Amino acid sequence: MKKALLTPLVVACCAAPLSHAADQDIDSNAHNWSGSAELGVVSTSGNTDTKNLNGAINLTQETVQWRTDYSLSSLYSSSDSDTTAERYTGSVQANYKFDTQQFWYVRGAYERDRFSGYRSKGSTSTGYGNRFWQHADGSFLEASFGVGYRDFAIAEDSIDGKSDRGNFVRFAGTYENHFTPTSLFHQELNSEISTSGGNTVNESISSLQASIIDNLAMKLSYKIKYTSDVPSDTDTTDTETTASVLYSF
């Protein structure tokens, strides 16, 4: 049953971006890409207490019927030639738009963090979303609800010995407010609640962004992530405070 749920979600998530090709026949803006790349310094507390470098790339492709978001990020730190933090994450979310507000999404996410107690974290989910309002300047409020399946594979050297695999319910919300043409506030809230006795994962990401010149901006971000039941010798709460330079295109 779990494989039956996981397989179509993965196929749909991979196939959805390909549907853009079909949209090109009816949409003159089929190549309407936007995105950003950032590089900065991060101060972390929780499972790792370090100062290090992080990078991220975010892309969005918008067509008449689809809005697809791609995200990649990495975090790496070393001290006295020893790696103290190493994490790589990626996600793809394809949103099929019923109209200017309502959409159905399919999402896939993967994380590999050497210091989380898990060998890897993967999930797929699908559900309904609504962009309640969007202003001409780009400000918007969006929320979604869905279900999914995840596989949090326990690290091989962990004494806990049992991975967290099963279904979950997902709630997500995004708010973005452009105070001026050169500054904005962004807030994300995500919650995944296990329906099979596993973890509840809550995450909040807040950021402020101000333009320096042209497409360059300074970005301040604060992230807090809570995992209810973690492997031994790891903390339930991780935080990150980031100051980075961001290039938008």
Side-chain angles (χ1 to χ4, degrees), residues 8-39 55-74 89-110 123-146 148 170-190 203 205-211 214-217 219 221 244-249:
L9 290 179
V10 172
V11 171
C13 192
C14 295
L18 299 179
S19 67
H20 292 301
D23 287 345
Q24 292 175 1
D25 294 333
I26 60 173
D27 181 19
S28 60
N29 294 319
H31 296 287
N32 187 14
W33 287 87
S34 61
S36 64
E38 63 180 276
L39 180 66
I57 297 175
N58 296 286
L59 298 172
T60 297
Q61 186 181 21
E62 190 99 27
T63 69
V64 169
Q65 209 68 66
W66 293 90
R67 182 177 68 253
T68 306
D69 299 312
Y70 306 85
S71 178
L72 291 171
S73 66
S74 65
T89 63
S91 68
V92 178
Q93 180 168 321
N95 306 295
Y96 179 82
K97 297 182 285 187
F98 298 115
D99 51 39
T100 58
Q101 292 182 302
Q102 301 179 87
F103 61 90
W104 191 270
Y105 77 87
V106 178
R107 183 176 188 271
Y110 180 82
S123 68
T124 57
S125 60
T126 185
Y128 169 81
N130 194 309
R131 182 162 288 196
F132 298 102
W133 55 263
Q134 180 165 340
H135 293 171
D137 65 359
S139 300
F140 69 90
L141 174 64
E142 179 178 291
S144 62
F145 164 81
R170 182 175 185 267
F171 299 92
T174 303
Y175 170 71
E176 186 166 290
N177 189 352
H178 291 246
F179 297 114
T180 70
T182 59
S183 63
L184 66 88
F185 170 75
H186 184 89
Q187 176 68 53
E188 292 182 34
L189 296 172
N190 299 289
E203 183 180 69
I205 304 173
S206 307
S207 65
L208 281 171
Q209 181 178 318
S211 295
D214 295 331
N215 294 338
L216 283 178
K219 181 180 177 182
S221 179
S244 58
V245 176
L246 180 142
Y247 175 77
S248 300
F249 50 89

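This is a predicted model, so every value here is computed, not measured.
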Gap between atom CG of Leu141 and atom CZ of Arg131 - 0.5 Å precision: 9.5 Å
side-chain contact (heavy atoms from CB on, under 4.5 Å) against Asp214, all qualifying residues, sequence neighbours excluded: none
Minimal non-hydrogen separation, Ile205 against Ser221, with atom names: CG2-OG, 4.0 Å
Side-chain donor-acceptor pair present, Ser34, Thr60, cut-off under 3.5 Å: no
Donor-acceptor under 3.5 Å (Thr174 side chain, Glu142 main chain): no
Partners passing ring-ring contact (aromatic ring centres under 6.0 Å, His included) against His186 (at least two apart in sequence or in another chain): none
Residues in side chain to side chain donor-acceptor pair (under 3.5 Å) contact with Gln209, at least two apart in sequence or another chain: none
Glu176: salt bridge (Lys or Arg N to Asp or Glu O under 4.0 Å) partners, not counting sequence neighbours: none
Tyr128 side chain near Gln102 side chain, heavy-atom distance below 4.5 Å: yes
Side chain to side chain donor-acceptor pair (under 3.5 Å) partners for Arg170, two or more places apart: Asn190
Set of ring-ring contact (aromatic ring centres under 6.0 Å, His included) partners for Phe98, sequence neighbours left out: Tyr96
Euclidean distance, Tyr110 OH relative to Thr124 OG1, rounded to 0.5 Å: 14.5 Å
Separation of Tyr175 OH from Phe140 CZ (nearest 0.5 Å): 10.5 Å
Those residues that, when tested against Ile57, pass side-chain contact (heavy atoms from CB on, under 4.5 Å) (two or more places apart): Ala37, Leu59
With sequence neighbours excluded, residues passing side chain to side chain donor-acceptor pair (under 3.5 Å) with Ser211: none
Partners meeting side chain to side chain donor-acceptor pair (under 3.5 Å) with Thr180 (sequence neighbours left out): Thr182, Ser183
Side chain Asn95, main chain Arg67, donor-acceptor under 3.5 Å: yes
Residues that Phe171 engages under ring-ring contact (aromatic ring centres under 6.0 Å, His included), provided they are two or more places apart: Phe145
Nearest-0.5 Å distance that lies between atom OG in Ser206 and atom CG in Leu189: 7.5 Å
Spacing of Phe249 atom CZ and Ser36 atom OG [to the nearest 0.5 Å]: 6.5 Å
Heavy-atom side-chain contact between Asp69 and Tyr105 under 4.5 Å: no
Atom of Ala143, atom of Phe132 and distance for their closest heavy-atom approach: CB-CE1, 3.6 Å
N/O donor-acceptor pair under 3.5 Å between Glu38 side chain and Tyr247 backbone: no
Under the side-chain contact (heavy atoms from CB on, under 4.5 Å) test, residues paired with Leu72 that sit two or more places apart: none
Sequence-distant partners of Glu188, salt bridge (Lys or Arg N to Asp or Glu O under 4.0 Å), two or more places apart: none
No-hydrogen, no-angle side-chain donor-acceptor test under 3.5 Å, Ser71 and Asn58: yes
Rounded distance [0.5 Å steps], NE2 in His178 versus CG in Leu184: 5.0 Å
